[in-house]
Amino acid sequence: MVLSESVLEVLNAILKNRDTTQFDRGDISFIIVAGAMVSFMIPGLAFLYSGLARRKSALSLIWAVTASNAVCIFQWYFWGYSLAFSPSATNGFIGNLAHFGLINVLGDPSPGSPLIPDLLYAFYQMEFACVTVGILMGGIAERGRVLPAMIITFLWMTLVYCPLACWPWNINGWAFKYGVLDYAGGGPVEIGSGVGGLAYAWVLGRRQETELQNFRPHNVSMVNLGTFMLWFGWLGFNGGSSFGANLRAIMAVWNSMLAAAFGGIVWCLLDYRLERKYTMVGFCSGTIAGLVAATPASGFIHPWAAVIMGIISGAVCNYATKVKFLLRMDDALDLFAEHAVGGILGLLMNAFFASRSIVALDGVNTDVPGGWVDHHWKQLYIQIAYICATCSYAFVVTALIAKCIDAIPGLHLRTTAEGEKLGLDEVEIGEFANDYIEVRRDFMDWTTFGNVIDAHQPSAAGNKHGQPDLAQQDQQPSLHNEEPSPDSTVEKSPELPQAGAAPP
């Protein structure tokens, strides 16, 4: 008891002697709000993915994004923050366990910026990690089981994300020392999730051919809602990465807005040339492509360069959606085209357009050499080397993790063919995102697995978007309008004599 009281006294003395004036309360408040805005991107991702998927697997993606968020929070508290940002590790690849369980993470200046305390920096970076694994969950669309996905989330955070975050953002990371310019996560967040999601989808394999036919989003309104939630959160994502309420944060917000707007316009126009329709999904996809490109570059470039970046990202990411067909990989939600390619473009923009005058607006980073606009010519090959390293590492390690988990009995990554046909909402979750269709014929029927419905009739949910196959529908006899045949042998019930009627 005496020992515990003495420990409390020491802790109280440390807290009282702490210098609370070294941080500006405006900076602290700004980053707290920015972190909360980034957390709002997680339901945005869930709604976006759900709207892009078929109705029968819409809720499973919401569940996967939601649950991966919880797993990531635990991992980041457990050892993720320490593995990514512990400043005492000197290997340049990954941190150590000096801050295991957030030990000694409190009021010292953060390893990322002297403007905010260590504890706040850990929270803000945790939200980045949560968004990243949320993006990764798009790789399981319509055929991946959720339990193995959660185990992969923990391992992927430890073996992929933490090293990728350590490289450019840890003061001892090899990419940081090499001079890589990565403002808010072109490597750890965008390439990590985009290339990792492609590797995950590759290990899972392609969906059945019947599922690939006539595939289209089931709820475009949710796609739009999710996109605007992401856009809102992205302003905290990019604006907060200056780690203070300063002009560099405002510049990052402006560049994010410009890149998103021009990316959406360009993608929509490119789709119009083919279908003569102004597609909502196309506009949302281009908007996200612009925001992805702005992630590594928005705090380094001028607004005029952000316009160029938005136009290029909208066009290149649009054409990059064809890569999955060339590779025969079923990247259902275009993680590679949107996030990996967009992140690569943003990193390359830094090589050409990064300006030391923009970086110095935060009042802290005043010696960054910039890119070609500042005549720093070697920044291009520095950025290319970093892109190659992050892409190869993310793909190989993600694929190895997925292969190893898939080999464990009971943890196979993919659902059965029958489960894929019925939908993951039915076989994995037991609930539905939109339960306004007839799923149960009788009140006591808990599942559509049973033989309550005649096997020759189309199921209530059908194969695609709740619609029965038209060929099957045409073969079904009409149950209400069919006239009886004159030669019908159906026995008629005898007519009862009416009261007061004359006997025959």
Taking [X] for the side chain and [Y] for the main chain, is one N or O donor matched with an acceptor at less than 3.5 Å?
| X | Y | value |
| --- | --- | --- |
| Glu142 | Arg54 | yes |
| Asn365 | Ala360 | no |
| Ser86 | Asn96 | yes |
| Ser29 | Gly26 | no |
| Asn69 | Cys72 | no |
| Tyr124 | Ser241 | yes |

(message) Between Phe128 and Phe237, is the ring centroid distance below 6.0 Å?
(response)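 That pair passes the under 6.0 Å test.
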
According to the interplanar angle, ranging from 0 to 90°, do the rings of [X] and [Y] count as parallel (below 30°), tilted (30 to 60°) or perpendicular (above 60°)?
| X | Y | answer |
| --- | --- | --- |
| Tyr81 | His99 | tilted |
| Trp174 | Trp167 | tilted |
| Tyr178 | Tyr381 | tilted |

(request) Measure from NZ or CZ of Lys403 to the centre of the six-membered ring of Trp202 and say whether it is under 6.0 Å with the direction within 45° of the ring axis. (result)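 Ring-cation test returns yes.
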
(request) Kindly indicate whether a cation-pi arrangement holds for Arg248 with Phe243, taking the cut-offs as under 6.0 Å to the six-membered ring centre and within 45° of the axis. (result)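 Here Arg248 fails the 6.0 Å and 45° test against Phe243.
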
(message) Using the side-chain contact (heavy atoms from CB on, under 4.5 Å) definition, which of the options Thr390, Asn350, Ile382 pairs with Val180?
(response)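 Among Thr390, Asn350, Ile382, the one that satisfies the side-chain contact (heavy atoms from CB on, under 4.5 Å) with Val180 is Ile382.
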
(request) Show the numbers, then the answer: is there a side-chain hydrogen bond (donor to acceptor under 3.5 Å, both in side chains) between Thr90 and Asn172? (result) CA-CA 6 Å; Thr90 57; Asn172 292 314; over 6 Å; no

Side chains of [X] and [Y]: is there a donor and an acceptor less than 3.5 Å apart?
| X | Y | result |
| --- | --- | --- |
| Tyr183 | Asn238 | no |
| Trp234 | Thr295 | yes |
| His218 | Asn434 | yes |

(message) Tell me if the CZ atom of Phe232 is crowded by more than 12 foreign heavy atoms within 6.0 Å.
(response)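 Counting neighbours around CZ of Phe232, 12 or fewer heavy atoms of other residues, nucleotides or ligands fall under 6.0 Å, so no.
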
(message) Applying salt bridge (Lys or Arg N to Asp or Glu O under 4.0 Å), can you list everything that pairs with Asp334, at least two apart in sequence or on another chain?
(response)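 By the salt bridge (Lys or Arg N to Asp or Glu O under 4.0 Å) rule, Asp334 matches Lys324.
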
(message) For Val133 versus Cys130, what's the shortest heavy-atom pair and its separation?
(response)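 Minimum heavy-atom contact is CG2-O, 3.3 Å.
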
(message) Show the nearest heavy-atom pair for residues Arg143 and Ala332, with the distance to one decimal.
(response)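 Arg143 and Ala332 have their closest heavy atoms at NH1-CB, 4.4 Å.
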
State the [atom1]-[atom2] distance between [X] and [Y], to the nearest 0.5 angstrom.
| X | Y | atom1 | atom2 | value |
| --- | --- | --- | --- | --- |
| Thr132 | Glu127 | OG1 | CD | 11.0 Å |
| Asn104 | Asp118 | CG | CG | 9.5 Å |
| Leu83 | Asn170 | CG | CG | 11.0 Å |

(message) Walk me through whether Asn219 and Ser50 qualify under side-chain hydrogen bond (donor to acceptor under 3.5 Å, both in side chains).
(response) CA-CA 8 Å; Asn219 192 329; Ser50 176; over 6 Å; no

(message) With a 4.0 Å cut-off on N to O distance, would you call Asp425 and Lys56 a salt bridge?
(response)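 No, no charged N to carboxylate O under 4.0 Å.
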
